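Report on one structure; see the data block that follows.
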Amino acid sequence: MSDQCNPQSCGCGSSRASQDGDGDTQRRQFLKFGFASFAAMAGAVGFHSFEAKAQSKKGDAKGETCGGPTPALSTSGKLIDPITGKEIEKEPHYHSHAGNKAVREGIPNRKWVMVIDLAECDGCEKCTSSCSKAHNTPPERQWIRVFKMSGTAEKKPYWFPKPCFQCDDPPCTRVCPVDATFKRQDGIVLIDNERCIGCRFCMAACPYSTRYFNWGPVKNVVEAGYTPEKSTPRKMGTVEKCDFCPDMLREGKLPHCATACTMGAIMFGDANEDAVTDAKGRTYRLSKLLAEKGGYRYLEELGTKPSVYYLPAKNPTYDPPKIDESEIKEVAMNFGFAKENSNV
Amino acid sequence: MSDLAKKVEHQSIIDMNESFRMDGKGFKLWVGFLLVIILVAMAAYIYQLTSGLRVTGMGNYVSWGMYMTNFVFFIGISHAGTLISAILRVTGAPWRRPITRMAEAITLFALMIGAPMVMIDMGRPDRVWHVFAYGRLNSPILWDILSITTYVSGSLMYLYVALIPDLAIFVDKVKAPWQRKLFQKLSLGYKNTPEQEKILNKALGAMCIVIIPVAISVHTVVSWIFSMTLRPGWHSTIFGPYFVVGAIFSGTAAIITAMIVFRWAYGLKKYLTMVHFKALGKLMIALNALYIYFTVSEYLTIWYGRHEVDHRLMEVITSGIYGKMWFFMWAFCLFLPLALTVWFVMKKTEKYSLTIMMVATILINIGMYIKRYLIIVPTMMTTYIPAEAAGVKISYMPTVIEWSITFGGLAMFMLLYTMFSKIFPIISVFEIIEGIHQEGIEKVGVEA
Ligand code: SF4
């Protein structure tokens with residue numbers, strides 16, 4: 001995270017300034033750049049952005065140490081590992097408008113994971129609404145949807161927020177005839193809606209019913225600046241889904257849903273660092289968390305290797321959902337023409 | 001050439017010339033009727049192009065519906081030609097001879113309707129070229145494109161090569177000057193000399209062997225579109241052979257329907273006799289029984305195993321509207337046609353027999369359509385995470401647009417087939433003559 005900056009802080013993201021090339025601007029650009037590099041390095045020394053801050057907090061509270069050793073700055077200005085003394089490879093400098101190659105490859109050396117603590121989820125759907133707002137989704141389309149899972153005689157009902165599982169062996173990308181949907185090295189599955197032909201094979205192949213299709217004309221807030229990392233502006237006749245907000249990750253921020261979850265039920269992080277963080281700023285060691293709380297992945301037996309883990313709804317902190325059969329919306333048999341871009 | 005063969009040839013030239021006539025009132029009405037349906041379908045498609053697929057009944061759960069069913073159905077019908085011409089040619093069944101052309105034409109036209117159905121189903125038909133620009137072999141869709149294009153070009157070639165001798169026979173016998181010109185061009189200087197015949201037969205012999213695995217691969221990969229996914233009811237190893245048998249079954253039913261229609265419309269009683277219908281009837285019994293066997297295996301294993309999603313799938317299939325379709329299919333499209341065909345084959349008199357076969361074969365194809373629909377839609381409704389948990393109940397009902405385009409496809413298929421029979425001899429005259437020489441007129445089954 002360290003070497004990534006956001007456009008506001010470093011200025012390198014603002015391409016307009018670099019285009020109009022008069023000397024003054026260039027000098028300012030240069031200064032900005034210099035500042036940015038410095039800021040980035042300072043950030044690196046202070047350890048990695050959000051995980052780092054959160055980790056130290058947690059460390060303070062419980063006296064635990066999380067993550068690896070803090071890198072040190074060598075005399076030549078390079079980052080070195082304090083134990084081995086070896087130079088730490090720098091990650092390339094990212095903009096939120098990453099190039100096509102970078103978009104397809106993902107953020108280097110990361111393996112994004114999400115952990116959802118079902119015991120902490122109270123079904124408030126803040127994750128859903130903040131996601132929908134950020135991605136300007138049509139009504140009823142929910143990239144992260146909070147299911148009301150009915151219980152059994154032995155098991156109480158529970159809330160079940162479901163984003164895209166970003167499988168490590170995704171059935172959807174395998175079947176795409178044009179490589180429009182792809183798996184990145186950082187674990188994220190994205191869709192390039194400039195390439196998608198709308199065959200919907202990926203929707204048929206996804207066992208988790210995670211994908212949405214733009215059945216009709218779309219309304220976009222902004223029409224320009226499309227990148228698969230933002231998934232917007234959307235296009236008619238193409239597929240979309242939860243994308244783990246790579247544009248936020250590039251800026252060192254949590255995905256919208258995780259930030260919005262005031263319960264701290266949604267944790268997000270990097271499996272390579274073995275750490276996940278929630279909106280409350282608590283950071284956990286991923287492996288430990290999963291082992292202690294009996295973490296599992298939904299329908300793991302399908303072999304899709306999801307990147308989203310669940311912690312079972314054991315002694316839930318909040319009220320379980322009440323399942324009301326009459327609330328289930330029967331979708332009218334549709335002979336009409338006015339069907340909205342709904343999820344049904 | 002023997003007198004008998006000469007007589008048959010002479011007679012068939014007269015009869016075929018009669019079938020080329022386009023001034024009949026019935027023909028004009030028929031074509032007009034088809035054109036109206038096609039125009040409605042075109043309007044529907046243009047509407048769909050401008051408004052997007054929202055005008056269909058599909059949604060994010062049932063994201064494939066009637067168009068996909070049409071695709072599988074028409075590709076299935078296309079297997080008629082391969083069976084009749086290629087398999088029967090390889091096995092040397094003499095009664096195939098008068099039917100070959102009809103069968104091969106069905107293959108070509110069914111493919112020409114079936115393949116574009118996928119394009120109609122696409123959200124971005126303007127990006128079809130992406131498949132060639134970015135196509136990757138991981139996707140069963142690419143396998144489909146490869147095998148279907150091979151099959152289309154193969155069957156076109158097969159139809160054409162087998163047509164050449166007839167073009168040579170008819171070139172100076174047809175009345176219309178444009179037809180003469182066309183035949184002259186297309187016959188490539190073929191004159192029915194013994195050497196030419198030898199070369200042609202060699203080519204046909206090789207092609208009929210090559211086309212069989214291609215045809216099998218086509219319907220196998222069509223089934224793989226479904227069985228390569230992890231969805232309940234689709235992820236099945238039986239699907240390849242099951243779809244191939246289903247395709248040959250519905251294709252054979254379609255060819256019998258077509259034979260009865262042509263026999264009635266063009267007065268082809270002498271060429272399409274009980275010999276052919278009985279032989280095809282026996283084949284149908286075998287295919288029907290085989291298909292019942294596959295269908296029982298499919299549903300029994302899904303139901304008996306009681307996997308949670310499989311169980312829910314069976315509930316969808318056997319209840320509500322799908323349940324009605326399902327029971328209708330079993331009773332009226334599998335068992336009833338079987339009984340009717342058995343009765344037909346055992347029957348001594350000709351009375352009503354073709355009506356019975358007409359009913360049986362049409363029922364079979366309605367059933368095959370329902371079967372494909374029941375393969376696609378209920379599975380799409382059966383999600384691993386029950387949709388009820390999201391507060392929705394999934395349903396799918398095709399809209400007027402989908403119905404219009406479907407009937408438009410069917411009408412287009414019939415129009416192409418009709419026009420083909422108006423331009424080219426629908427009975428393979430040279431094959432009949434050849435058969436009279438080689439096997440005798442009784443075996444070929446035509447009447448002098
Ligand atoms: S709908 Fe688009 S992303 Fe999905 S498989 Fe087809 S081309 Fe690929």
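Quick caveat: nothing in here was measured; it's all calculated off a predicted structure. By convention in this document, chain letters (A, B, ...) are assigned in the order of the sequence lines, proteins followed by strands, and residues within each chain are numbered from 1.
The part of B:Thr50 that comes within reach of chain A is its backbone (N, CA, C, O), which places non-hydrogen atoms under 4.5 angstrom from that chain. Within the 4.5 angstrom heavy-atom criterion, only backbone atoms of A:Cys206 (N, CA, C, O) approach chain B. Residue B:Leu137: no heavy atom, backbone or side chain, is found under 4.5 Å from chain A. Interface remark: B:Ser63 contributes backbone and side-chain atoms alike to the contact with chain A (heavy atom separation under 4.5 Å). Contact annotation for B:Ile120: neither backbone nor side-chain heavy atoms come within less than 4.5 Å of a heavy atom of chain A. Only the side chain of B:Met380 comes within contact range of chain A, with at least one heavy atom under 4.5 Å from a heavy atom of that chain. Both the backbone and the side chain of A:Leu302 come within less than 4.5 Å of a heavy atom of chain B. Contacts between A:Pro171 and chain B at a heavy-atom distance below 4.5 Å involve the side chain alone, from C-beta outward. The contact between A:Thr173 and chain B is made entirely by backbone atoms, counting heavy-atom distances below 4.5 Å.
Listed here is the closest heavy atom pair of A:Pro177 and B:Leu142: O-CD2, 3.6 Å. When every heavy atom of B:Arg231 is checked against every heavy atom of A:Met203, the shortest pair comes out as NH1-O, 3.6 Å. Nearest heavy-atom pair across A:Glu194 and B:His130 is O-CE1, 3.3 Å. The two residues A:Ala204 and B:Trp64 have their closest heavy-atom pair at CB-CZ3, 3.7 Å. Closest of all the heavy-atom pairs between B:Ile385 and A:Lys162 is CD1-CD, 3.1 Å. Between B:Arg124 and A:Met236, the shortest heavy-atom contact is NH1-O, 2.9 Å.
Within the 4.5 Å cutoff, the side chain of B:Ser139 has heavy atoms near those of the A:Phe201 side chain. Within the 4.5 Å cutoff, no side-chain heavy atoms of B:Met228 are placed close to those of A:Arg174. Contact annotation: the side chain of B:Asn60 approaches that of A:Trp215 to within less than 4.5 Å [non-hydrogen atoms, C-beta and beyond]. Side chains of A:Asn214 and B:Arg54 form no contact here, defined as non-hydrogen atoms less than 4.5 Å apart. Contact of the A:Ser209 side chain with the B:Tyr61 side chain is registered, since non-hydrogen atoms from C-beta on lie closer than 4.5 Å.
Sparse packing is recorded around CZ of B:Phe407, with 12 or fewer heavy atoms of other residues, nucleotides or ligands lying under 6.0 Å away.
Listed options A:Ile197, A:Thr238, A:Val175, A:Leu299 were ranked by heavy-atom pairs under 4.5 angstrom with chain B; first place goes to A:Ile197. Looking only at heavy-atom pairs under 4.5 Å with chain A, the residue among B:Thr379, B:Asp121, B:Asp126, B:Asn138 that has the most is B:Asp121.
Considering OH of B:Tyr134 and CZ of A:Arg195, their distance stands at 5.0 Å, rounded to 0.5 Å. Atom-to-atom distance recorded for B:Met119:CE and A:Cys199:SG is 13.0 Å, nearest 0.5 angstrom.
Between the side chain of B:Arg136 and the backbone N or O of A:Val178 there is no donor-acceptor pair closer than 3.5 Å.
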